[in-house]
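None of the values given here were measured: they were computed from a predicted structure. Side chains are part of it too, since the values below use all heavy atoms of this structure and drop only hydrogens, waters and symmetry mates.
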Amino acid sequence: MTDDDLILAAREEVAGRELPEPAAVADVAAAELLVGHPMPPLLRRLYLEVANGGFGPWDVVSLTDTGDWFSDCADIAEAYRDFADPDSPLPPGIVPLMDRGGAMWALIDFRTADGQMWDWDPNLCCTEHALAPLGPSLAEWLGDWLSGTMPDGPYPHREQAARDCPAR
């Protein structure tokens, strides 16, 4: 799927839902300034062309406080600042994107143009090993959502890796 196809499919998937209006360019710029890296182009387009949060398999966090909270955070800035333990912060550029429930999060790497996806799941092992790259880009990951093949709970390959966790 091209980015244009993904934008169209995401719009169709969320049609009829009461989501915030698309974000403003200034909102994207503020998020990029906070993170210190440009937003991956596809994510930027989703925020600017689909909605300021609420789209995706677990509802993407809004860039600004829209009054519609899609996690325990009002916006992506709060999620980014407050996500991790201060003694063990997220690597720079890794941004919480979707609250998957049960302390699990989908995160995105702003340092990569294709938006490599990451996973946070402290339920698998321990908080020291909770963060791990998933492998797919944002486009591939959204393709899984749109095709109905996105796992609902832990990612199977993460479950296998957790069995080898030294903290277990």
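- Counting only heavy atoms from C-beta outward, the side chains of L142 and L42 approach each other to under 4.5 Å.
- The only option from L90, L97, V61, D121 that meets the side chain to side chain contact (heavy atoms under 4.5 Å, CB included) definition with W105 turns out to be V61.
- The backbone N or O of T112 lies less than 3.5 Å from no partner atom in the side chain of Q116, so there is not a single donor-acceptor pair.
- Cluster annotation: V25 is connected to F110 through the hydrophobic network of ILVMFWY side chains, with a link wherever side-chain heavy atoms come within less than 4.5 Å.
- When all heavy atoms are compared, the tightest approach of A74 to S62 is O-CB, 4.4 Å.
- Side-chain contact between L19 and N52 is absent, with no heavy-atom pair separated by less than 4.5 Å.
- Residue pairs meeting the ring pair (Phe, Tyr, Trp, His ring centres under 6.0 Å) criterion with at least one partner in residues 10-54, sequence neighbours excluded, are Y47-F55.
- No donor-acceptor pair under 3.5 Å is formed between the side chain of D119 and the backbone N or O of A106.
- At a threshold of 4.5 Å between non-hydrogen side-chain atoms, the residues L48 and V28 count as touching.
- Here A30 pairs with nothing under the side chain to side chain contact (heavy atoms under 4.5 Å, CB included) rule; sequence neighbours left out.
- Looking at residues two or more places apart in sequence or on another chain, you find a side chain to side chain contact (heavy atoms under 4.5 Å, CB included) between L34 and A77, Y80, R81.
- Evaluation of the salt bridge (charged side-chain N to carboxylate O under 4.0 Å, His left out) rule for E32 yields R44 as partners, not counting sequence neighbours.
- Under the 4.5 Å side-chain heavy-atom criterion for Ile, Leu, Val, Met, Phe, Trp and Tyr, M1 and V14 are members of the same hydrophobic cluster.
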Test side-chain contact (heavy atoms from CB on, under 4.5 Å) on L146 and L6; report intermediate values, then the result. CA-CA 9 Å; L146 293 165; L6 287 168; 3.7 Å; yes

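- Between M104 and N123, the closest side-chain pair of non-hydrogen atoms falls below 4.5 Å.
- Counting only heavy atoms from C-beta outward, the side chains of S137 and M117 never approach each other to under 4.5 Å.
- Taking 4.5 Å as the limit, every side-chain heavy atom of W118 sits out of range of all side-chain heavy atoms of L134.
- Applying the side-chain hydrogen bond (donor to acceptor under 3.5 Å, both in side chains) test to D109 and every residue at least two apart in sequence or in another chain returns R111.
- Looking at T64 and T66, their side chains come closer than 4.5 Å, going by heavy atoms from C-beta outward.
- T149 is linked by a side chain to side chain contact (heavy atoms under 4.5 Å, CB included) to D144, S147, counting only residues two or more places apart in sequence or in another chain.
- Just one of I108, V95, L46 meets the side chain to side chain contact (heavy atoms under 4.5 Å, CB included) condition when paired with P40; it is I108.
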